[in-house]
Amino acid sequence: MDRNRQPIGVFDSGVGGLTVVNKLRKLLPYENIIFLGDSKRNPYGSRSKEELLQFSREILQFLTEQHVKLVAIGCNTVTASVYDIIRKDVDFPLIGMSRGIRTAQEISVKKKIAVFATEVTIANHAHRRMAEQMDPEIEIIEQACPGIADCVEQGKLTGPEITALLKKYTAPVLASGADTAIFGCTHFPFVQPLFEKLCGDKIVFVDPAHEMSLQTLDVLKKDSLLNPHGMPGYLRLCFTAKAERGAKLAEHLIPANEFTVEEIAL
Ligand code: DGL
């Protein structure tokens with residue numbers, strides 16, 4: 001099979017990775033994309049390294065069987081915890097979720113950048129370590145947000161439960177004086193309006209999915225893997241459970257007639 005025409009794989013614990021798919025499709029409209037959301041086993045945000053390794057390997061096996069030419073990991077938790085291990089397992093380019101530090105650095109006047117992420121991502125200090133390398137003067141304020149990805153997954157994008165959680169997590173960040181915040185979990189852009197409502201004009205939010213799509217474009221170009229077809233690419237959304245619910249949430253980002261949905265077993 002002509003390698004350039006093979007699909008790009010994207011995966012996450014659930015619908016969060018769709019925020020990455022959405023940006024990828026805008027920048028790379030001719031690429032075919034297969035997305036895998038592991039909705040049967042999410043959330044991933046407080047899972048052990050062993051579990052994340054096993055789940056990621058099963059997903060990569062599935063995507064390999066679909067003949068992907070590249071995989072973009074639409075999950076910060078997997079990237080922070082096991083990327084260095086799983087990248088050696090595959091013989092196609094594997095791109096870890098971007099941290100968004102570059103964009104945040106350009107925006108932040110005070111060099112005080114907050115990161116909202118899962119417990120695993122925060123425990124790995126993934127963003128702090130990268131920021132230190134780029135500019136030691138940047139202060140990273142880390143905020144773990146258990147429960148948010150789960151609410152998003154259940155379609156609770158507004159209402160008392162998600163509002164109470166976000167109030168709890170934004171309060172210390174507002175008190176820290178940060179002027180910029182990174183969504184360090186791909187589920188969080190689904191509730192960006194609520195984050196913005198609670199933070200007023202004090203904080204600018206950065207969605208690293210944009211950096212991620214630019215990075216993917218770079219790799220495709222460098223490896224001469226861009227699809228030359230010139231026709232809109234297909235989008236296959238695969239979920240390990242609750243595919244209908246996944247499709248409903250996908251429709252918040254992507255028109256329903258632009259994707260197909262299936263439930264698969266890993
Ligand atoms: N969306 C994922 C991330 O970026 C995982 C969220 C979860 O399943 O807890 O970290």
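Just follow the structure's listing: the first ligand is 1, and inside any ligand the first atom is 1. Basis for what follows: all heavy atoms, side chains included, without hydrogens, waters or symmetry-related copies. Position 1 is the first residue of the sequence, and the numbers go up from there.
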Atom 2 (C) of ligand 1 - nearest protein heavy atom and its distance: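 Protein heavy atom with the smallest distance to atom 2 (C) of ligand 1: D12 OD1, 3.2 Å.
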Identity and separation of the nearest protein heavy atom to atom 9 (O) of ligand 1: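 Minimum-distance protein heavy atom for atom 9 (O) of ligand 1 reads G45 N, 2.8 Å.
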Closest contact, heavy atoms only, D150 versus P43: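 That closest heavy-atom pairing would be OD1-CD, 4.1 Å.
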N/O separation below 3.5 Å, [X] to ligand 1:
{"X": "A149", "answer": "no"}
{"X": "T77", "answer": "yes"}
{"X": "Y44", "answer": "yes"}

What atoms in ligand 1 come closer than 4.0 Å to a heavy atom of [X]?
{"X": "T118", "answer": "6 (C), 9 (O), 10 (O)"}
{"X": "S13", "answer": "5 (C), 6 (C), 7 (C), 8 (O)"}
{"X": "N76", "answer": "3 (C), 4 (O), 10 (O)"}

Audit row: K69, E31, salt bridge (Lys or Arg N to Asp or Glu O under 4.0 Å) steps and yes/no: CA-CA 11 Å; K69 61 181 174 185; E31 296 301 327; 2.6 Å; yes
Taking 4.0 angstrom as the limit, do [X] and [Y] come out as a salt bridge?
{"X": "R99", "Y": "E211", "value": "no"}
{"X": "K221", "Y": "D218", "value": "no"}
{"X": "D179", "Y": "K111", "value": "no"}

Heavy-atom neighbours of R102 CZ exceed 12 at 6.0 Å: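 Counting other residues, nucleotides and ligands, CZ of R102 stays at 12 neighbours or fewer.
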F195/F116 under ring pair (Phe, Tyr, Trp, His ring centres under 6.0 Å): CA gap, chis, key distance, verdict: CA-CA 10 Å; F195 268 105; F116 293 103; 5.0 Å; yes
contact_flag G14 ligand 1 heavy-atom lt 4.0 Å: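 False for this residue.
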